[in-house]
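One structure is given here, and the rest of the page talks about it.
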There are 2 protein chains.
Amino acid sequence: MTNNRQSIKKATISDVAKLAKTGKTSVSRYLNGEFGILSATLKERIEQAIKELNYRPNQMARSLKKGQTKLIALILADITNPYSVEVMKGLEAACQDNGYTLLVCNINKEKAKEKYFLQLLMDYNVDGVIIHALRTQDSILRDLPFPVVLVDRRMSDLGYDIVGLDNIQATTLASNYLIDSGFEAIIFITESLTGVGTRQERVNTFKKIVKQQKGIVGEVVEIEDMNQQTELLDQHIVSFCQKCRGMRKAIVTVNGSVTLHVSLALKRLNIIWGKDIGLLSFDDPVWASVAGVGITTLRQPTYKIGYSSFEMLHRRMQGDHSEAKEYLYPGELIIRDSTN
Amino acid sequence: MTNNRQSIKKATISDVAKLAKTGKTSVSRYLNGEFGILSATLKERIEQAIKELNYRPNQMARSLKKGQTKLIALILADITNPYSVEVMKGLEAACQDNGYTLLVCNINKEKAKEKYFLQLLMDYNVDGVIIHALRTQDSILRDLPFPVVLVDRRMSDLGYDIVGLDNIQATTLASNYLIDSGFEAIIFITESLTGVGTRQERVNTFKKIVKQQKGIVGEVVEIEDMNQQTELLDQHIVSFCQKCRGMRKAIVTVNGSVTLHVSLALKRLNIIWGKDIGLLSFDDPVWASVAGVGITTLRQPTYKIGYSSFEMLHRRMQGDHSEAKEYLYPGELIIRDSTN
DNA sequence: CTGTTAGCGCTTTCAT
DNA sequence: ATGAAAGCGCTAACAG
């Protein structure tokens with residue numbers, strides 16, 4: 001069997017009109033659900049013709065004419081990140097509920113691709129874009145021909161809507177939980193803070209809370225590149241443990257990716273979470289319960305974040321020009337044995 | 001700041017022509033790189049005008065005219081599956097290397113969406129489609145207006161190209177490794193086998209190898225829905241352990257998702273992999289080394305699978321009508337402490 | 001209620 | 001070498 005299905009060519013609106021013995025206009029009206037303006041018999045004939053020809057309207061032509069494509073795009077930093085994928089699921093559902101198709105653009109952490117995709121999306125005339133974790137400060141972001149909603153990242157005064165986790169609430173919840181559980185020395189481990197508002201907010205809130213408590217040692221470690229600097233990570237952990245010998249110690253990781261790196265480090269160092277040290281992770285990776293005794297996490301309402309980011313975008317696409325808003329959702333603490 | 005960037009409207013080819021004091025034809029020629037046919041001065045003027053207007057050709061219009069969209073789609077069963085995401089990365093790279101844009105369609109395991117997406121893709125006139133894990137037997141699959149490449153799933157006589165893991169090689173490698181390591185009783189745990197050729201091949205190869213070896217107990221367990229039937233899973237594991245008391249036992253899991261469920265089960269049952277029982281997983285989840293003592297895995301060349309699925313598709317899109325082919329790549333054993 | 005007509009932005013004969 | 005004009009498939013005035 002050969003693979004030459006390209007040969008089959010599709011019926012057009014004219015074909016339908018001809019078969020139904022009418023004009024393209026009426027067919028178009030039928031397609032757009034303007035039934036009140038079509039006689040029953042004509043409607044019948046058109047219906048028939050469409051079925052017979054197996055006709056489906058060409059979206060490209062439609063888009064060209066109407067100036068809207070029913071396409072929206074999600075730009076994300078790293079498709080490997082489960083958080084992004086979960087957000088994407090919510091977004092996808094919202095798109096389908098509203099007749100939109102989602103274009104997924106994976107920056108793959110390559111700076112150059114940010115611009116590449118933005119241009120591409122302009123070329124394809126997408127109706128709107130949702131951006132997760134873009135870091136460029138390029139001027140291209142200033143005058144985009146479509147509305148934009150930002151997920152999980154605040155970007156300086158661009159006037160875009162934002163949806164994400166309520167980092168203050170979440171960090172407060174996590175920090176207080178650890179303190180209430182009797183941990184006396186807490187180290188907060190994060191990836192690069194530069195340009196990533198979310199991480200900064202978590203760090204700052206953590207610092208603030210720790211400072212308010214007497215007798216609690218709070219420390220923040222920022223490691224630029226977790227993949228490269230594994231010994232640095234190990235060193236920080238070791239020196240933290242030495243410095244705080246005798247105290248109940250815990251680690252907080254800023255996101256799921258860092259959690260993986262820290263778990264690996266702890267294994268290397270032969271430190272057992274839940275016994276030798278506490279461990280609490282932002283994000284709730286699927287493997288959190290299977291890693292050692294299980295890892296306590298701060299789960300984000302990712303699906304909801306994805307879904308409502310579409311809703312915000314939708315409002316903009318319909319012409320809402322009001323002030324940019326922020327929608328922040330609370331996180332949820334999932335307690336496992338790493339913080340016993 | 002208001003979010004009304006929609007107002008900015010883009011320059012068209014006519015605008016460029018006007019500014020460059022020429023016709024649309026020449027601009028079009030310029031855009032399509034037909035320089036041999038343009039005088040140096042005209043080329044110069046057009047270049048200038050394009051820059052000045054910040055002009056970018058409208059892909060929708062272009063697609064409508066040319067009949068090709070430079071869009072290809074990936075349909076996948078479950079975006080949550082890391083395997084799919086890894087394949088996607090390879091595919092994405094290939095697309096970008098060749099000037100195509102990737103549309104990602106997530107079936108989300110909802111049967112109805114298979115058809116929905118296929119129709120959608122017809123409507124948008126995509127140039128080709130890569131399908132991972134479709135299970136429908138719907139006739140719609142028969143005459144699609146674009147070429148199709150299947151990833152990891154064989155579908156009955158549809159005449160589509162296939163790319164994926166060499167399941168026979170991989171299963172042989174894994175099984176022999178376990179046997180050579182001294183395991184005497186091996187249970188192969190899989191999700192639903194119906195309609196999923198990949199899993200069937202793994203199971204069958206496993207059975208065959210075990211049968212060839214004297215004194216090795218081999219067993220296969222199929223569980224339809226891992227999410228629902230957790231006690232069933234537990235029971236199977238328990239009875240396997242009882243039946244094979246005194247022998248060196250191991251579990252093989254058919255994919256990463258099953259591995260997670262089995263790990264959870266083992267934790268529930270207080271059976272420790274690497275000590276009480278061996279564990280080997282198809283796929284290589286990121287968390288494999290952090291789960292208990294680490295899990296031995298059979299890693300697939302996912303990136304390469306993704307990349308070459310594009311290459312096959314590309315060939316078809318260029319009009320290659322030769323017989324459908326299969327490209328199977330070998331797997332690699334990653335040994336960790338679960339099979340000590 | 002229905003059909004004719006003029007484009008959407010681009011490519012492609014076909015003349016010049 | 002260059003451009004005028006037709007038309008991809010569809011929608012939206014505008015007439016009837």
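Below, read A as the first sequence line, B as the second, and so on, with proteins coming before strands; counting in each chain starts at 1.
- For the pair A/Asp15 CG and D/dG9 P, the computed distance is 8 Å after rounding to whole Å.
- Note: B/Asn106 CG to A/Leu91 CG = 11.5 Å, rounded to the nearest 0.5 Å.
- Side chain of A/Arg315 to backbone of A/Phe310: no donor-acceptor contact under 3.5 angstrom is found.
- Less than 4.0 Å separates DNA chain D from no heavy atom of any residue of residues 44-54 of chain A.
- Distance check, rounded to the nearest 0.5 Å: NZ of A/Lys113 to CD of B/Gln96 gives 4.0 Å.
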Determine, for nucleotides 5-12 of chain C in 5'-to-3' order, which nucleotides have protein heavy atoms under 4.0 Å from the base (write B), from only the sugar-phosphate (write S), or from neither (write -).
--BBBBBB
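- The C1' atoms of five pairs define one axis at each end of the helix from C/dC1-D/dG16 to C/dT16-D/dA1, and these two axes lie 40° apart (to 10°).
- In summary, the side chains of B/Tyr329 and B/Ser308 do present a donor paired with an acceptor at a separation below 3.5 Å, with no hydrogens or angles considered.
- In this entry the distance linking OH of B/Tyr30 with C1' of D/dA1 reads 17 Å, nearest Å.
- Across every non-hydrogen atom of B/Ser84 and B/Asp78, the tightest pair is OG-O, 3.8 Å.
- Taking a 6.0 Å sphere around NZ of B/Lys325, one finds it holds more than 12 heavy atoms contributed by other residues, nucleotides or ligands.
- Residues in residues 38-49 of chain A take part in these side-chain hydrogen bond (donor to acceptor under 3.5 Å, both in side chains) pairs, two or more places apart or across chains: A/Tyr30-A/Glu47, A/Ser39-A/Thr41.
- Using a distance-only test at 3.5 Å, with no hydrogens or angles considered, no donor-acceptor pair links the side chain of A/Asp15 to the main chain of A/Ala11.
- For the OP1/OP2 pair of C/dG3 and a distance below 4.0 Å, the side-chain nitrogens and oxygens of A/Thr22 include at least one atom meeting the criterion.
- Between A/Glu86 and A/Lys89 there is no salt bridge, since no side-chain nitrogen of the basic residue lies less than 4.0 Å from a carboxylate oxygen of the acidic one.
- Taken residue by residue, residues 36-43 of chain A places no heavy atom nearer than 4.0 Å to DNA chain D.
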Distance-only donor-acceptor pairs under 3.5 Å for side chains of residues 66-77 of chain B, two or more places apart:
residue : atom : partner  : partner atom : Å
B/Thr69 : OG1  : B/Leu71  : N            : 3.3
B/Thr69 : OG1  : B/Asn125 : O            : 2.9
B/Thr69 : OG1  : B/Asp127 : OD1          : 3.2

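- With rounding to the nearest 0.5 angstrom, the CG atom of A/Leu120 is 4.0 Å from the OG1 atom of B/Thr101.
- Rounded to the nearest 0.5 Å, atoms NE2 (A/His314) and CD (A/Gln318) are 4.0 Å apart.
- The closest side-chain donor-acceptor pair between A/Tyr124 and B/Asn58, if any, does not fall under 3.5 angstrom.
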